[in-house]
K.L.:
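My questions all concern the structure below.
Numbers here are sequence positions counted from 1.
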Amino acid sequence: MLVGFLADQRATLVLKCAGITDDLARRAVEPSTLSLLGLVRHLADVERHWFREILAGQADAAPLFSSPADPDGDFDGATPDAATVTAAWDAWRAAVDFAERFTAEAPDLDVSAHDAWRGTVSLRWVLIHMIEEYARHNGHADLLRERIDGATGV
């Protein structure tokens with residue numbers, strides 16, 4: 001059930017971004033730097049963090065788009081060029097693919113690991129957190145999409 005709800009939330013992000021050209025993917029609503037492309041970059045980093053870095057223990061799975069020195073790099077670095085858009089979607093798809101494989105291969109939802117901020121977290125907790133993360137950001141995507149081109153219910 002958790003995997004299904006998370007898959008639905010991931011599909012919603014793709015749907016909210018469908019048909020948006022490269023230049024519109026970066027459009028933010030002032031004064032915020034929040035954009036559809038920034039959301040894709042942010043969620044790629046979040047997927048990498050929880051599934052690769054924390055649950056799988058891959059210390060080299062640092063965020064691709066933000067850093068401690070540039071915590072908003074996922075949004076601020078979302079430039080309106082085709083290469084940036086392609087790189088963001090490629091990173092997001094790779095992160096989702098890893099997460100789906102990790103989850104499918106896990107012996108159960110009680111697989112756990114330590115996060116410096118949250119303490120011990122289980123795969124179950126991460127899946128629930130990711131559903132919440134996508135649901136919140138899909139709400140942002142919905143508002144951004146309507147502001148960009150008037151599309152609603154996408």
K.L.:
How about Asp115 and Trp50: do any of their side-chain heavy atoms sit closer than 4.5 Å?
P.N.:
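Side chain of Asp115 against side chain of Trp50, heavy atoms only: contact under 4.5 Å found.
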
K.L.:
Could you check whether any side-chain N or O of Asp74 sits under 3.5 Å from a backbone N or O of Gly38, counting only pairs where one atom can act as donor and the other as acceptor?
P.N.:
no

K.L.:
Run the side-chain contact (heavy atoms from CB on, under 4.5 Å) test on Arg101 and Asp97 for me, step by step, so that the C-alpha distance in whole Å, both residues' side-chain angles and the decisive distance to 0.1 Å come before the verdict.
P.N.:
CA-CA 6 Å; Arg101 274 192 319 279; Asp97 288 347; 3.7 Å; yes

K.L.:
Assigning hydrophobic clusters by single linkage (Ile, Leu, Val, Met, Phe, Trp, Tyr; side-chain heavy-atom cutoff under 4.5 Å), is Leu43 placed with Val14?
P.N.:
yes

K.L.:
To the nearest 0.5 Å, how far apart are CD in Glu47 and CZ in Arg93?
P.N.:
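Reported to 0.5 Å precision, the distance equals 13.0 Å.
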
K.L.:
Is a donor on one side and an acceptor on the other found under 3.5 Å between the side chain of Arg52 and the backbone of Ala61?
P.N.:
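Looks like no, no N/O pair under 3.5 Å.
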
K.L.:
Are Ile148 and Leu34 in one and the same hydrophobic cluster, where Ile, Leu, Val, Met, Phe, Trp and Tyr link if side-chain heavy atoms are under 4.5 Å apart?
P.N.:
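The answer is yes; both residues are in one hydrophobic cluster.
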
K.L.:
Test of understanding: clusters of I, L, V, M, F, W, Y form through side-chain heavy atoms closer than 4.5 Å, transitively. Do Phe98 and Trp89 belong to the same one?
P.N.:
yes

K.L.:
Over 60° means perpendicular and under 30° means parallel, so classify the ring planes of His137 and His140, tilted if in between.
P.N.:
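Ring orientation of His140 relative to His137: tilted.
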
K.L.:
Should Val96 and Leu13 be counted in the same cluster of Ile, Leu, Val, Met, Phe, Trp and Tyr side chains packed under 4.5 Å apart?
P.N.:
yes

K.L.:
Whether Asp149 and Arg145 form a salt bridge (side-chain N of Lys/Arg under 4.0 Å from carboxylate O of Asp/Glu) is what I want to check.
P.N.:
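Judged by the 4.0 Å cut-off on N to carboxylate O distance, Arg145 and Asp149 do form a salt bridge.
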
K.L.:
If two hydrophobic side chains count as joined below 4.5 Å and joins carry through other members, does Met130 share a cluster with Val111?
P.N.:
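Per the 4.5 Å side-chain linkage, Met130 and Val111 are co-clustered.
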
K.L.:
For the backbone of Phe65 and the side chain of Asp45, can you confirm whether one donor and one acceptor N or O come within less than 3.5 Å of each other?
P.N.:
yes

K.L.:
Measuring from atom CG of Asp81 to atom CG of Leu37, what distance do you get when rounded to the nearest 0.5 angstrom?
P.N.:
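If I round to the nearest 0.5 Å, the distance is 9.0 Å.
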
K.L.:
For Phe75, does its backbone N or O pair with a side-chain atom of Asp72 as donor and acceptor, under 3.5 Å?
P.N.:
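Looks like no, no N/O pair under 3.5 Å.
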
K.L.:
Please examine the side chains of Arg10 and Leu6, heavy atoms only from C-beta on, and report whether any two atoms are closer than 4.5 Å.
P.N.:
yes

K.L.:
Would Thr12 and Tyr134 count as a side-chain contact (heavy atoms from CB on, under 4.5 Å) if you check the C-alpha gap in whole Å, the side-chain angles of each, and the deciding distance to 0.1 Å?
P.N.:
CA-CA 9 Å; Thr12 298; Tyr134 272 93; over 6 Å; no

K.L.:
What's the spacing between Asp76 CG and Thr33 OG1 if we round to 0.5 Å?
P.N.:
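The OG1 atom of Thr33 is 4.5 Å from CG of Asp76, to the nearest 0.5 Å.
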
K.L.:
Determine whether Val126 and Leu55 make a side-chain contact, defined as any pair of heavy atoms from C-beta on separated by less than 4.5 Å.
P.N.:
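Yes. Closest side-chain heavy atoms under 4.5 Å.
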
K.L.:
Just by distance, do the side chain of Arg124 and the backbone of Asp108 share a donor-acceptor pair under 3.5 Å?
P.N.:
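Checked: no pair found.
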
K.L.:
Any chance you could lay out the side-chain hydrogen bond (donor to acceptor under 3.5 Å, both in side chains) test for Thr84 and Thr79, step after step, and finish with the verdict?
P.N.:
CA-CA 6 Å; Thr84 301; Thr79 57; 3.0 Å; yes

K.L.:
What verdict does the side-chain contact (heavy atoms from CB on, under 4.5 Å) test give for Thr103 and Leu2, after you've listed the backbone C-alpha separation in whole Å, the side-chain angles of each residue and the deciding distance to 0.1 Å?
P.N.:
CA-CA 10 Å; Thr103 302; Leu2 294 175; over 6 Å; no

K.L.:
So, does Asn138 use its side chain to make a donor-acceptor pair with the main chain of Gln9 at under 3.5 Å?
P.N.:
yes

K.L.:
With rounding to the nearest 0.5 angstrom, report the CD1 to CG distance, Ile54 to Leu123.
P.N.:
13.0 Å

